[in-house]
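To start, the structure itself, in structure tokens.
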Amino acid sequence: MSVRVRFAPSPTGYLHVGGLRTALYNYLFAKKHGGTFILRIEDTDRTRLVQGALENLVSTLTWSGLPFDEGPGVGGPHGPYIQSERTELYQRLGKELLDNGHAYKCFCTSERLDDMRNYQQRMGQPPRYDKFCEHLSAAEIKEKEDAGLPYVVRMKVPERTIRFHDEIRGLIEIEPSNIDDQVLLKSDGFPTYHLANVIDDHDMEITHVIRGEEWLPSTPKHILLYEYFGWTPPKFAHLPLLLNSDRSKLSKRQGDVAVEDYKAKGYEREALINFVAFLGWNPGSEKEIYSLQELGQEFDLDRVGKSGAIFNVEKLNWFNQQHLKVKPAADILEQIRPVISEHGITASDEFIIKVIELMRDRVNFLPEFVTFALYFYQDPKEYDMEAISKKWNPETLSSLSALNENLKNLENFTHEQIENQLKLTAEMLGVKAGGMVQPLRIAISGVSAGPALYMMMEILGIETCLRRLEKAVNSIKL
RNA sequence: GGCCUGUUCGACUAGGGGUUUAGGUCAUCGCCCUUUCACGGCGGUAACACGGGUUCGAAUCCCGUACAGGCUACCA
């Protein structure tokens, strides 16, 4: 049987990086085994609907490079893939459970439930439904229904230990006393996660449920439902959580958690994916930089760890730098076009590509190809005075002035010739060549940090360099 | 509180009875390269939570404790 896995988020409005990792592991598992990756939307909580959440989720997943084979928009043989469009199925199967005695109607009000839980807590007991409605007689049920009282459907939990095998954690055993008579169908007619999840995973022929560790404690309920329906359960793999630096569950309060935040900051999708893949998994080799495709060849569940991993932005930055290093300049150019136009820059693609190659090793984020390199596109408006005060000496200006004259005579404005000319000028003036380098850099770019000076000048061209040099000589004063 | 899960350098992790003076990467520190900033190279600091067992031998197996996280909704 071929592998079928799913990513089943609830549409909260954005894709959480933890969700991204869950989606990624499902995707990679599917790729590894030549299987199918499905997106299913779990929107059964009608009180928490968010406008545009689905579109946002799909576009973020697409940006991340994780296309799904079946799901909203693309369709597939087991649709619809949005749970709110499948309520009839859940209701029909819920009724089946009612009919064969695996579930019962519960008319308890939320007030009674609250009181019950408060009492249980005060008495030091675990909060659990007291099965008040389990043994209602047929007459009582009819009476309440006739009176139009709202009800929920709860599952009956038997008195036996539930065991299941987790692909990552091994054998898990849960005593029945720790399993609540879970609500399956809410009074608004919509299913809870537990019911919808089991029905859909079966209906969509999911073979491996790969999800976050937070679902581990409720898995016995799901196992029970598979039994009640007479279905074979899929395999389960519960992933360790992603954590904040204080080891709590990764949350919004302690930094960015939305994939779109990282996208907005200029992170490469390849880097984010590579980094997130390594949070809880590793290939067992010493190779660290992987493309999505390579990950799909290497990934497997047996190398997924058990303990939570802290989301460390510094390492993500390193991955970003590494991916930037190997990215084709033409791709980088395409990606930075918006930043280019934002800065009102008009330059030829050929010129920008030269800048990209020169800036490559000193850039950590894509927009920096523009923001750290503005002097390639516009003459400096001001000069780094702090650097000037450190590097300037009384003869600096006259040296630069002499250099300016000598550069005019160059046959070819290449980095070799520029360097050569600077040395000759220094020799002629009887000053140290080294002393001229930084002042020249500041005169040309305005700042003291940047790429190889002579290469930078070559790219800029003779006209621009002479203009800037002249302006610097005339305007910089100690 | 109860249940479940986890615990190797600051972080991500390798290692799953002798191959280990516990390896790699990020971060950090030092040196080299470089008359800038980076990149790169070399090196350093730095970890098996604790206590019992099993064994000739335990980071590795078992038990307990501690700590951490998750779950405990008509949320997912």
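Both backbone and side-chain heavy atoms feed into the values below; hydrogens, waters and symmetry mates do not. Below, chain A is the first sequence line, B the second, and so on; all start at residue 1. Values in this document were obtained by computation on a predicted structure and should not be read as measured data.
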Short N/O separations, protein against nucleotides 3-6 of chain B, under 3.5 angstrom:
unit_1 : atom_1 : unit_2 : atom_2 : d
B:U5   : O2'    : A:R169 : NH1    : 2.6
B:U5   : O2'    : A:E213 : OE2    : 3.1

Under 3.5 Å, which N/O atoms of the protein pair with N/O atoms of nucleotides 38-40 of chain B?
unit_1 : atom_1 : unit_2 : atom_2 : d
B:A38  : O2'    : A:D361 : O      : 2.6
B:C39  : O4'    : A:D361 : O      : 3.4
B:C39  : O3'    : A:K325 : NZ     : 2.7
B:C39  : O2'    : A:K325 : NZ     : 3.2
B:G40  : OP1    : A:K325 : NZ     : 3.1

Would you tabulate the nitrogen or oxygen pairs shorter than 3.5 Å linking the protein to nucleotides 43-45 of chain B?
none

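If you measure from atom CZ of A:R303 to atom C1' of B:U13, you get 10 Å, rounded to the nearest angstrom. For the pair A:M116 CE and B:U72 C1', the interatomic distance rounds to 12 Å; values are reported in whole Å. Distance, A:I310 CD1 to B:U8 C1': 14 Å, rounded to whole Å. A:Y193 places its OH atom 13 Å from the C1' atom of B:C71, with the value rounded to the nearest Å. For A:R46 and B:C75, the CZ to P distance is 12 Å, given to the nearest whole Å. Atom pair A:E286:CD and B:A14:P shows a separation of 12 Å (rounding to whole Å applied). As a whole-Å value, the separation of A:I162 CD1 from B:C71 P is 21 Å. Separating the CD atom of A:Q182 from the P atom of B:C74 is a distance of 7 Å, rounded to the nearest angstrom.
Base engagement by A:V152 is indicated by at least one non-hydrogen atom pair under 4.0 Å involving a base atom. A:S248 comes within 4.0 angstrom of the backbone, heavy atoms only, and of no base. As judged by a 4.0 angstrom heavy-atom cut-off over every strand, A:R117 is placed among residues touching the sugar-phosphate backbone only. Among the atoms of the strands shown, none is found under 4.0 Å from any heavy atom of A:G284. Using a 4.0 Å heavy-atom distance criterion, A:A452 is classed as a base contact. Within the 4.0 angstrom heavy-atom criterion, no nucleotide atom of any strand lies near A:T12.
Formation of a donor-acceptor pair under 3.5 Å by the A:Y228 side chain with backbone atoms of A:K156 is found in this model. Judged by distance alone, with hydrogens and angles left aside, the side-chain atoms of A:N274 form a donor-acceptor pair with the main-chain N or O of A:Y290 at under 3.5 Å.
One P atom belongs to B:A58, the other to B:G18, and the distance between them is 11 Å to the nearest Å.
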Donor-acceptor contacts under 3.5 Å from residues 439-457 of chain A side chains, at least two apart:
unit_1 : atom_1 : unit_2 : atom_2 : d
A:R441 : NE     : A:Q438 : OE1    : 3.3
A:R441 : NH1    : A:P451 : O      : 3.0
A:R441 : NH2    : A:P451 : O      : 2.9
A:S445 : OG     : A:R441 : O      : 3.0
A:S445 : OG     : A:V447 : N      : 3.3
A:S445 : OG     : A:V447 : O      : 3.0

Quiz: residues 422-434 of chain A side-chain donor-acceptor pairs under 3.5 angstrom, not counting sequence neighbours:
unit_1 : atom_1 : unit_2 : atom_2 : d
A:K423 : NZ     : A:E419 : OE2    : 3.3
A:T425 : OG1    : A:N406 : ND2    : 2.9
A:T425 : OG1    : A:Q421 : O      : 2.7

Between side-chain atoms of residues 297-306 of chain A and protein atoms elsewhere (two or more places apart, or another chain), which donor-acceptor pairs fall under 3.5 Å?
unit_1 : atom_1 : unit_2 : atom_2 : d
A:R303 : NE     : A:N282 : O      : 3.0
A:R303 : NH2    : A:N282 : OD1    : 3.3

Hey, can you pull the donor-acceptor pairs under 3.5 Å for the side chains in residues 233-240 of chain A, sequence neighbours left out?
unit_1 : atom_1 : unit_2 : atom_2 : d
A:H238 : ND1    : A:D166 : OD2    : 2.7
A:H238 : NE2    : A:R211 : NH1    : 3.2
A:H238 : NE2    : A:T219 : OG1    : 3.2

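Against RNA chain B, the stretch residues 425-434 of chain A makes heavy-atom approaches under 4.0 Å through A:A433, A:G434. For RNA chain B, the neighbouring residues in residues 233-247 of chain A, judged by any heavy atom under 4.0 Å, are A:L241, A:R247.
Taking 3.5 Å as the limit, the base of B:C74 and the side chain of A:T192 contain no donor-acceptor pair of atoms between them.
Between A:P127 and A:Q120, the shortest heavy-atom contact is CA-OE1, 3.2 Å.
Two residues, A:S448 and A:K315, neighbour RNA chain B, and the one matched to the more 5' nucleotide by heavy-atom proximity is A:K315. Residues A:P451 and A:P150 both approach RNA chain B. Their nearest nucleotides, taken by heavy-atom distance, put A:P451 toward the 5′ side.
Remark: A:K131 does not engage A:E159 in a salt bridge, criterion side-chain N to carboxylate O under 4.0 Å. Under the 4.0 Å criterion applied to side-chain N and carboxylate O atoms, A:R154 and A:D181 are not assigned as salt-bridge partners.
Every residue meeting the side-chain hydrogen bond (donor to acceptor under 3.5 Å, both in side chains) condition with A:T161, not counting sequence neighbours, appears here in chain and number order: A:E175. Applying the side-chain contact (heavy atoms from CB on, under 4.5 Å) test to A:I141 and every residue at least two apart in sequence or in another chain returns A:K105, A:F107, A:L136, A:E145. In this view, A:D200 and A:Q83, A:R86, A:Y90 satisfy the side-chain hydrogen bond (donor to acceptor under 3.5 Å, both in side chains) rule, not counting sequence neighbours.
Phosphate contact (OP1/OP2 of B:A14, side-chain N/O of A:N282, threshold under 4.0 Å): present.
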